[in-house]
Protein chains: 2
Amino acid sequence: MAKTLHSRFDCTPGCSVEAAVSLISGKWKCVVLWYLLEEGTLRFNELRRRIENITQRMLTNQLRELEIDGLIHREVYAQVPPKVEYSLTQRGRELTPILMALKAWGDAHIDLFGKDGIAGKPYAVAADEGA
Amino acid sequence: MAKTLHSRFDCTPGCSVEAAVSLISGKWKCVVLWYLLEEGTLRFNELRRRIENITQRMLTNQLRELEIDGLIHREVYAQVPPKVEYSLTQRGRELTPILMALKAWGDAHIDLFGKDGIAGKPYAVAADEGA
DNA sequence: GCTACTAGTATCAAAAAGGATACCGCCATG
DNA sequence: CATGGCGGTATCCTTTTTGATACTAGTAGC
């Protein structure tokens, strides 16, 4: 299977695959992206309540990084009490195929992740069908 | 755009998207996967020479993790000098759509990553087209 | 007056990831 | 005899990431 697709591959260090992965590698980023994809627009505490277990610091953190990377939009309303809404940018919405592919793969191989899921590390059960 | 896809989304903490991402989040993992996808089977030092800048320790490390996750196959030949061949498992090959989607996105938004690429952090240039 | 809500910060500590370097046995080559 | 290729380990250290906790300002409700 190797030789055929050879042409368009060029994963030198710093390639676009690496780059794209790095944008969604934060511990909670894909969850945030997923919720925003699902619900369109959410306020800070709405996200916080949905995600559960995430600390305020981490949520702020992940949101900031996603914003810096141009994947989400942050809308601040000059009110009191404060109101801040988060939504996907166009660029963020374009991640959809990636998220879908990830989900498809994850669902197909869900057996890898024991009952404790990815959080609890031991997703072993190596598959040696060789090459 | 939100309401329509609602049905098959269920990104609770530990969802399959998170899980899948975590398997390719290592610093060199997607590069390794890419090379194996491209070339089919490679020996340890062949990978090492291709990747450049990776230390022996990190390569061993990433390969071990990929093996544990069932994405690559490690074939040891009882020779001297030693010979160890790495290749993708079926499960690993099924990552292809993900890698492709990542590459497509990365290529489309390559402008995000300044001349120093992802390695040098500052991929700013936020895009505020709102939602 | 006390409480809670909003969307955060600040500070500290712990854990995980990554990097540098040196070393291993064994063989072939020079 | 020294060197290099092979596929790693072992050890130590630094950086990055994540987590826990406490704090902020201004308003509303009790």
Side-chain angles (χ1 to χ4, degrees), chain A residues 13-14 18 21-32 35-36 41-69 72-87 116-123, chain B residues 13-14 18 21-32 35-36 41-69 72-87 116-123:
Chain A
E18 239 186 320
V21 168
S22 80
L23 300 190
I24 56 174
S25 290
K27 180 159 179 191
W28 307 95
K29 283 186 187 173
C30 62
V31 191
V32 170
Y35 275 119
L36 291 180
T41 295
L42 289 170
R43 298 179 58 173
F44 185 85
N45 274 351
E46 287 174 339
L47 273 169
R48 193 146 101 92
R49 275 188 292 268
R50 271 162 186 72
I51 294 183
E52 181 141 353
N53 293 334
I54 195 171
T55 63
Q56 218 163 16
R57 193 180 83 82
M58 278 311 291
L59 183 52
T60 307
N61 225 311
Q62 303 283 286
L63 288 169
R64 285 292 179 285
E65 292 186 19
L66 289 170
E67 191 195 358
I68 289 172
D69 293 337
I72 66 173
H73 173 70
R74 179 166 177 264
E75 185 79 30
V76 183
Y77 296 86
Q79 302 179 350
V80 72
K83 174 176 170 184
V84 181
E85 284 185 346
Y86 293 93
S87 55
D116 19 34
I118 216 68
K121 276 297 182 191
Y123 34 87
Chain B
E18 238 187 321
V21 168
S22 79
L23 300 192
I24 55 174
S25 290
K27 180 160 180 191
W28 307 96
K29 283 186 188 172
C30 63
V31 191
V32 170
Y35 276 119
L36 290 180
T41 296
L42 289 170
R43 297 178 60 171
F44 185 85
N45 275 350
E46 287 175 340
L47 273 169
R48 194 144 102 93
R49 275 188 292 267
R50 269 162 188 73
I51 295 183
E52 182 140 353
N53 291 337
I54 196 173
T55 64
Q56 217 164 15
R57 193 180 83 84
M58 280 309 293
L59 182 53
T60 307
N61 226 311
Q62 303 284 288
L63 288 170
R64 285 292 180 284
E65 291 184 20
L66 290 169
E67 190 195 1
I68 288 172
D69 293 337
I72 66 174
H73 173 70
R74 179 167 178 266
E75 184 80 29
V76 183
Y77 296 86
Q79 303 176 353
V80 72
K83 174 177 170 184
V84 180
E85 284 185 346
Y86 293 92
S87 55
D116 18 36
I118 217 67
K121 276 298 181 191
Y123 36 87

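All figures in this text were calculated on a predicted structure; none of them were measured in a lab. Letters A, B, ... are given to chains in the order of the sequence lines, protein chains preceding strands, and every chain is numbered from 1.
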Looking only at heavy atoms, the pair that brings A:E18 and B:K27 closest together is OE2-O, 3.5 Å
Between B:R43 and D:dG8, is there a side-chain N or O to OP1/OP2 distance below 4.0 Å? no
Whole-Å distance, B:N45 CG to D:dG4 P, equals 15 Å
Against the side chain of B:R74, the closest entry in D:dG8, C:dT6, C:dA20 is D:dG8
Notebook entry, point to check: D:dG7 phosphate, OP1 or OP2: any side-chain N/O from B:R49 under 4.0 angstrom?
Noted result: no
Result for 5'-nearest mapping on DNA chain D, choosing between A:I54 and B:V84, is B:V84
A:R57 CZ to D:dA20 P, in whole Å, measures 10 Å
To the nearest angstrom, the CG-P distance between B:L47 and D:dC6 comes to 13 Å
ask   = Phosphate oxygens OP1/OP2 of C:dG18: is one of them under 4.0 Å from a side-chain N or O of B:Q62?
value = yes
Per atom distances to the B:M58 side chain, the nearest of D:dG19, D:dG8, C:dG18 is C:dG18
To the nearest angstrom, the CD-C1' distance between B:E65 and C:dA17 comes to 9 Å
Practice problem: Report which part of the nucleic acid B:Y86 touches: base, sugar-phosphate, or nothing (heavy-atom distance under 4.0 Å, all strands). | Solution: sugar-phosphate
Scanning both residues in full, the closest heavy-atom pair of B:Y77 with B:E85 reads OH-OE1, 3.1 Å
In this structure, OG1 of B:T41 is separated from CD of B:E46 (nearest 0.5 Å) by 9.5 Å
> Looking at B:K27, does any N or O in its side chain come under 4.0 Å of the phosphate oxygens OP1/OP2 on C:dG19?
Replying inline: yes
When rounded to whole Å, the CD to P distance for the pair A:E46 and C:dT6 reads 9 Å
| message | Taking the side chain as everything from C-beta on, heavy atoms only, tell me whether B:Y86 gets closer than 4.5 Å to B:L66. | response | no
From CZ of A:R48 across to C1' of C:dA4 the rounded distance in Å is 13 Å
> Is the closest side-chain heavy-atom distance between B:R74 and B:L63 below 4.5 Å?
Replying inline: no
5'-most contact on DNA chain C (nearest-nucleotide basis), A:P82 vs A:T60, goes to A:P82
In whole angstroms, the gap separating C1' of D:dT9 from CG of B:L63 amounts to 15 Å
A:Q56 CD to C:dA10 P, in whole Å, measures 13 Å
